[in-house]
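Read the structure below first, then the notes.
Because only heavy atoms are used, hydrogens play no part in the values below, and waters and symmetry mates are left out as well, while side chains stay in. Chain letters run A, B, ... following the sequence lines, proteins first and then strands; every chain starts at 1.
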Amino acid sequence: MGGARTALFNYLWAKRNGGRFLLRFEDTDRARSAICHEDSILGDLKWLGIEPDEITARQSERAARHAEVLALLERRNAAYPCFCAASDEAGAIGETSRHACRDIPGNEARARIAGGEKCCWRFRAPSGQAHTFRDRLRGIVSVPADSIGDFVLSRSDGSVTYLLAAVVDDCDSRVTHVIRGEEHLPNAPKQEMICGALGWDLPEWVHIPMILDGERHKLSKRGGAAAISRYRELEWPPDAIVSYLATLSWARAPTDRIAGLDELSGIFDLDSVALAPPVHDESRMRHFGREHMARAPRRELLEACRSSFGPDVGFMPPDAEKISLIDELAPACATLGELRSSLETELGYGADAQGTDVPKWLPAILERLSSIPESDWSSANIKNSLKLFQKELAVKGRDFFHPLRLFLTGRPQGAPLGIILSCVGKREAIRRIGRACDEPNKL
RNA sequence: GGUCCCAUCGUCCAGAGGCCAAGGACAUCGCCCUUUCAAGGCGGCGACACGGGUUCGAAUCCCGUUGGGACCGCCA
C-alpha cells in the first residue's frame, strides 16, 4: 500500500505538470532482487491504473555507467577504498562517522588493490558544521555533518549501492522530483553530497509520510494483510483503492466519493500534503469500495457474479431479476467477492427456521404460489400475490412476512422476498414451503 | 544510545494570530423510511498531548516536556 501510494503521488504529480512518471527497479542488490517481484509490482500498478510512462533500465544493467561515476568520484578524492571485511565493524571510529580506511595513502591503497585485496568504496563525507537540504514538504532540514558516516558507494563484489546508483540514474534520467517515503529522508543529505562532489544538479526532494498500521507501525511491505496483491485477490475495486490512497496525506482528495485518476491528476498538488503519518483504516477504505459497488454498471456486476446464481438446472431467472437482487445487495458490499458471497447466502437456505412454529396459513400460501404459472414467476407478481394474501389474512405485515421469510430462506432477514423468490425459482420456493408444511422438524 | 521527522474527533483531512464556544468525510449511535436487513434521509456523540512564553488576542508563532515514528547496513 505504501509503495502504491508513493507511485500514485508520483503519477499524479507528473500528470498534473505534464511531466513523465518514471519507474525504475532498484535491484542493485542482486542477491535479493528477482524478476518476479518486478512483474508483480508492475501488475499491481497496472491493476490500479497507475502505469509508468517509462520503465527505465534496471540499475543492475547500468553497472558500467555507475563504475564510471565511481571512478570520477575517486579522481576527485570524494571516494576511497576500504579494506575492512564486510562484517568487520572495527573500521568505524566510535561515535563519529569517519572511517579508518579514509586515511590510507593513495599509493598504498593502489598497491593493495593491485595485489588482489578486496575492498569496497566509501564516500568521503565532508567534514563541517552541518549539512542542510531542502525538502519540499518540510522546508530546510539540517543535520550535523558528523552524523553522516562514510557510507558505502560500491561493494567489494563491484556492485554499487542504492545511494550512488540512485543519484546517477536520477541525473541521467533528468529526474526533477524525487517523491518517496519518509524513510528515505536520511538519504537525501547523502545523495546531495554525492551530487555536490560531482557538481550535478539536485532534484527536488519530496518525502511523504509513511502509512502506518493500526498499531502505528510502518505498514509491512508485502505479504501483509494490507497489500495491494491481497486486496486484488479479494477483488476490491481498484478505483476505490486509488481514491482511498489519495486521501492518505493529501488534503484535497475527495473523501466521500470515488475520484478517478484523471480527476485526481487535475487537482493534485504537493502543497496540501500533510506531514503526520496517516494510519491505514480499512473501514474508511470500505466506504470507497461500497461507493464503487453502488454505482458500478449493474450489467458488469452481473457478469462478474453470474456463477453465484447457481448452475443452470433447467431454470434460470431472467437477468432483470438477477439485477434487482444485485441492486439490493451491492451497496452494502465493498468488494466483488463480498457481493458474490452475499448473493450466495441470499439465495441459499439458512438454519434459523428450526424450531419455529409453522403458521396455520402456510399450506394456503403454498397453494397460492403454486398457482402462479412459471412464465409469470416474477418478483412483481410474487410481491403482489403475497401482499394480496396478507390482506386476505388480515394480519400485520410483520406477522406475515417474517415467518414466511423464515421458511422461505431460513433466515430472519434479507432482500425483499419477491426478488429472492423470483431468483430462487418457483420450483425451489415451492419445495421449501412444502417441506416446512410436511416436515417442520426437518428444517 | 545518536540524528532527523511528526503531534487537531476512533480514522483521514480542514485550520497558514482574531471569521474556531474548531469544520468536513469515514466509522459509530439514535430517529425516519421499510415486511426484515441493507441502502437512503435527518440528527447526536466526538479532538486542538502537556507546560511555559510572545501577543490586546494562539489550534495557529517560539521554547521545553511527553508521546509516536524513521534512520543510523558491503538493504533499498
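- Residue contacts for A/Arg411: at a heavy-atom cut-off of 4.0 Å it reaches no nucleic acid atom on any strand shown.
- Nucleic acid contact class of A/Met210 (heavy atoms, under 4.0 Å, all strands): sugar-phosphate only.
- Among the heavy atoms of the strands lying under 4.0 Å from A/His217 are primed sugar atoms or P, OP1, OP2 only; no base atom is included.
- Listed nucleotides B/rC13, B/rG24, B/rC5 differ in distance to A/Leu185; the shortest reach to its side chain belongs to B/rC5.
- Within the nucleic acid shown, A/His402 has no heavy atom closer than 4.0 Å to any nucleic acid atom.
- With P as the reference atom, B/rG68 and B/rA49 are 16 Å apart, rounded to whole Å.
- Across B/rC13 and B/rC6, the matching P atoms stand 15 Å from one another, rounded to whole Å.
- Between the side chains of A/Arg180 and A/His207, at least one donor N or O sits under 3.5 Å from an acceptor N or O.
- OP1 or OP2 of B/rC75 has at least one side-chain nitrogen or oxygen of A/Arg155 nearer than 4.0 Å.
- Of the candidate nucleotides B/rU35, B/rC13, B/rC74, B/rU35 has the atom nearest to the side chain of A/Phe401.
- Base engagement by A/Pro416 is indicated by at least one non-hydrogen atom pair under 4.0 Å involving a base atom.
- Looking at heavy atoms from C-beta onward, A/Lys426 lies out of side-chain contact with A/Ile382 at the 4.5 angstrom threshold.
- One finds no side-chain N or O of A/Arg286 lying less than 4.0 angstrom from the OP1 or OP2 phosphate oxygen of B/rU28.
- Closest-nucleotide positions on RNA chain B for A/Ala332 and A/Leu417 were compared, and the one nearer the 5' end corresponds to A/Leu417.
- Whole-Å rounding puts the A/Arg216 CZ to B/rG10 C1' distance at 10 Å.
- In this structure, A/Phe21 and A/Tyr11 have perpendicular ring planes: the angle between them is above 60°, well past the 30° mark.
- In terms of phosphate contacts, A/Ser142 brings no side-chain nitrogen or oxygen within less than 4.0 Å of OP1 or OP2 of B/rC4.
- Take the nearest nucleotide of RNA chain B for A/Gly397 and for A/Pro331: the residue whose nucleotide is more 5' is A/Gly397.
- Applying the 4.0 Å criterion to OP1 and OP2 of B/rU35, one finds that A/Lys383 has every side-chain N and O outside that range.
- Not a single donor-acceptor contact under 3.5 angstrom links the side-chain atoms of A/Ser283 to the base of B/rC26.
- In this structure, A/Arg138 does not reach the B/rA70 phosphate: none of its side-chain N or O atoms is under 4.0 Å from OP1 or OP2.
- Within the shown strands, nothing qualifies as a pairing partner of B/rC48 under the Watson-Crick or G-U definition with both distances less than 3.5 Å.
- Using a 4.0 Å heavy-atom criterion, one finds that A/Arg405 contacts the bases of the nucleic acid, with or without backbone contacts as well.
- A gap of 9 Å separates the C1' atoms of B/rC20 and B/rG15, to the nearest Å.
- For the C1' atoms, the distance from B/rG69 to B/rC74 is 27 Å, rounded to whole Å.
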- Message: As a quick check of understanding, evaluate side-chain contact (heavy atoms from CB on, under 4.5 Å) for A/Glu204 and A/Val206, giving each step before the final call.
- Response: CA-CA 6 Å; A/Glu204 178 146 43; A/Val206 187; 4.3 Å; yes

- Task: Output, in order, the C-alpha distance, side-chain angles, deciding distance and verdict of ring-ring contact (aromatic ring centres under 6.0 Å, His included) for A/Trp361 and A/Phe400.
- Result: CA-CA 9 Å; A/Trp361 42 260; A/Phe400 174 68; 4.9 Å; yes

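- If you check B/rA7, B/rC74, B/rU35 against the side chain of A/Lys387, the one that comes closest is B/rU35.
- Summarising the geometry, the separation between CZ on A/Phe389 and P on B/rU35 is reported as 18 Å, rounded to the nearest angstrom.
- Atom C1' of B/rG53 sits at a distance of 15 Å from the matching atom of B/rG17, rounded to the whole Å.
- No hydrogens or angles were tested; on distance alone, nothing pairs the side chain of A/Asp327 with the base of B/rA39 as donor and acceptor under 3.5 Å.
- Within the 4.0 angstrom heavy-atom criterion, no nucleotide atom of any strand lies near A/Arg257.
- Atoms CG (A/Asp256) and C1' (B/rU11) sit 15 Å apart, rounded to a whole Å.
- Aromatic rings from A/Tyr244 and A/His280 are positioned such that their centres are separated by under 6.0 Å.
- Residue contacts shown for A/Ser154 are absent, as no nucleic acid heavy atom lies under 4.0 Å away.
- Taking the six-membered ring where the residue is Trp, A/Trp13 and A/Phe268 present perpendicular rings, their angle passing 60° and hence far from 30°.
- Using a 4.0 Å heavy-atom cutoff across all strands shown, A/Ser156 reaches at least one base atom of the nucleic acid.
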